Amino acid sequence: MAASAPPIALVDGNNFFASCEKVFDPSLRGVPVIVLSNNDGCAVARSAEAKALGIPMGAPLFKIRDIVAAHGVRVFSGNFELYGDMSRRVTEVLSSFTPDLEVYSVDESFLAFPGMDHARLLDLGQVIRKRVERWTGIPVGVGFGPTKTLAKLANYLAKKVTMFDGVASLMEAEVRQAVLAQIPVGEVWGVGRALAPRLEAMGIRSAYDLAALDPRQARRAFTVVGERLVRELNGLSCLGLDDVPPARQSAVVSRSFGRAVTSRAELEEALAAFAHRAAEKIRAEGLAACYVQAYAHTNRFAEPESRYAGCAGTTLIEPTADGGLLIGEVKSLLERFWRPGPGFAKAGVMLAGLVPEASSMGSLFGRPAPKRDKAKRLMAAMDALNARMGRDTIKPLAAGLGKPWQGKSAHRSKAWTTRWAELPVVRA
Amino acid sequence: MHRPTIPFFDQAVAAGFPSPAADHEAVGLNLDRLLIRHPAATFMLRVAGDSMTGAGILDGDLAIVDRAIEARPGHVVVAVLDGEFVLKRLRLRGGRLFLDAENPRFRACVAPTESGFDVWGVVTAVVRQMGAASDPPKADEQR
């Protein structure tokens, strides 16, 4: 019953990270801005002006030095404290339009509007756009569709086609008939780089071709994921807004180091910090890990004789999300693969075999219950404090205070909205 | 089974952070609620300069700026002028908007430049801490 499907909107920030930078620095108006990935490597966000200069997404900074210099492109290191706070603000404004909201990523949310008259959607979209931009300074695009997949496609159109003025709707079948044929199949949500060439090899080039596929055939060729895509493109909702996202399989925290790490103490400290952060992540989702792995490797482009990748993992006696215990584990894991000599360029910690915390019953060989409860209370207290006072207000000493291994971020802007000492200045 | 030592200071945590005040939030006065009407749209900026002393806004004050409020003439606003944040009074004269200073030592008004100006947000309050705020706490003070 596509006709009566409640409209779903996908709202996303335009060039979100670059837009966040522009809100608090008026000298950036009309100026091309790029934001770099972790460790100042590649451009991961580009303002409209930077896109117009032809800077591609993901371009490594060293490859675009000339354009940057010639056009006065302003370059920023990622400032995730700022982006996180701006994301929270955008979500808060969006939730004033409907209680039915699902945050999909740092700059995208799905909103449902059951019972909303389709004829009024484009107006609603404009109201959303204006309010979010007025309140937070972040420009957004809005796409409506009867399914999440179509809402996402509509959002793509809202951005690509200037005439739509930032809002597009694919609620009506006739509109879909007209425009889906013009959208390359690779733009469909969930198709991705792996699937697109396979589809093209079958003669499926546009979103329209994919929608025209027989769902059963899609299932045979591309499993249930393919079948769901075809149904969603035809307006049959398969992904509800309240669908619980698939439970996380693993949590990884890894970093490229700003410089080669050669001291064991430093590597140990980095791994401890990663274990602490990974434990925090799974606790936030009420999960516990059955398996922990630590790894570190040298620069992949190093001389073959000085290349080294070390990795070790262990099954935990009982599922745990206890940061202190996991830090201890990664330390003994490091003991197993540590080797003096090579300069490590990257390291990480992975927690896997995640199970709901409640189902972690403990085992014969696990820690006695009182001790476990104490650690759990400590973790809960730490999480509560960090939630209230800011990340890393308190943390295990093993995670280090100085973090000399932390990546480069030479061009980071200030935490304009989250630290008293870094507020923007206004001239009176 | 050997378990590595967990490097936490249990007792310090227990003693340093007694029961959080969350239970008591319902009673008492909350400055956030008084000063911030639209939390998602409210930002804090630090004031630098003396051009608005006539409006009671001093150098070093904290300006609370609400972007959700539509600026009207008479409001004190943060505007973007020539690539900079400025804090002035918005005035309407002869059908044109101006940014006025409020200090006799300053040029009374800033006419919009060729590129004009944009209102970034409306100032709803300023916060000024007195010297005593930075006095060190007494030894017997329990915070």
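Chain letters run A, B, ... following the sequence lines, proteins first and then strands; every chain starts at 1. Keep in mind that what you see is a predicted model, and the values were worked out from it rather than measured.
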Any donor-acceptor pair under 3.5 Å from R134(A) side chain to R67(B) backbone: yes
Which answer fits V86(B), side chain, backbone, both or neither, if we ask what part of it has an atom under 4.5 Å from a heavy atom of chain A? both
Is the backbone N or O of L58(B) less than 3.5 Å from a side-chain atom of D61(B), with the two atoms forming a donor-acceptor pair by type? yes
I57(B) versus chain A, heavy atoms under 4.5 Å apart: side chain, backbone, both or neither? neither
Looking at chain A, which one of A40(B), A41(B), G49(B) has the largest number of heavy-atom pairs inside 4.5 Å, strictly under? A40(B)
Are F43(B) and W416(A) an aromatic pair by the rule of ring centers under 6.0 Å? no
With a 4.5 angstrom heavy-atom cut-off, could you sort out which part of T417(A) is near chain B: side chain, backbone, both or neither? side chain
Looking only at T42(B), D50(B), D59(B), most heavy-atom pairs under 4.5 Å shared with chain A are made by T42(B)
Under 4.5 Å, counting heavy-atom pairs only, tell me which of M52(B), E102(B), E70(B), H38(B) racks up the most with chain A. H38(B)
R29(A) versus chain B, the contacting section by heavy-atom distance below 4.5 Å: side chain
Is it the case that the ring center of F76(A) lies less than 6.0 angstrom away from the ring center of F17(A)? no
Measure distances from E133(A) to the heavy atoms of chain B and classify the residue's part below 4.5 Å as side chain, backbone, both or neither. backbone
Any donor-acceptor pair under 3.5 Å linking the side chain of R91(B) with the backbone of F98(B)? no
Using heavy-atom distances under 4.5 Å, tell me whether V31(A) contacts chain B through its side chain, its backbone, both, or neither. neither
Please check if the side chain of N103(B) supplies one atom and the backbone of R105(B) the other of a donor-acceptor pair under 3.5 Å. yes
So, D107(A) versus S105(A): side-chain donor-acceptor pair below 3.5 Å or not? yes
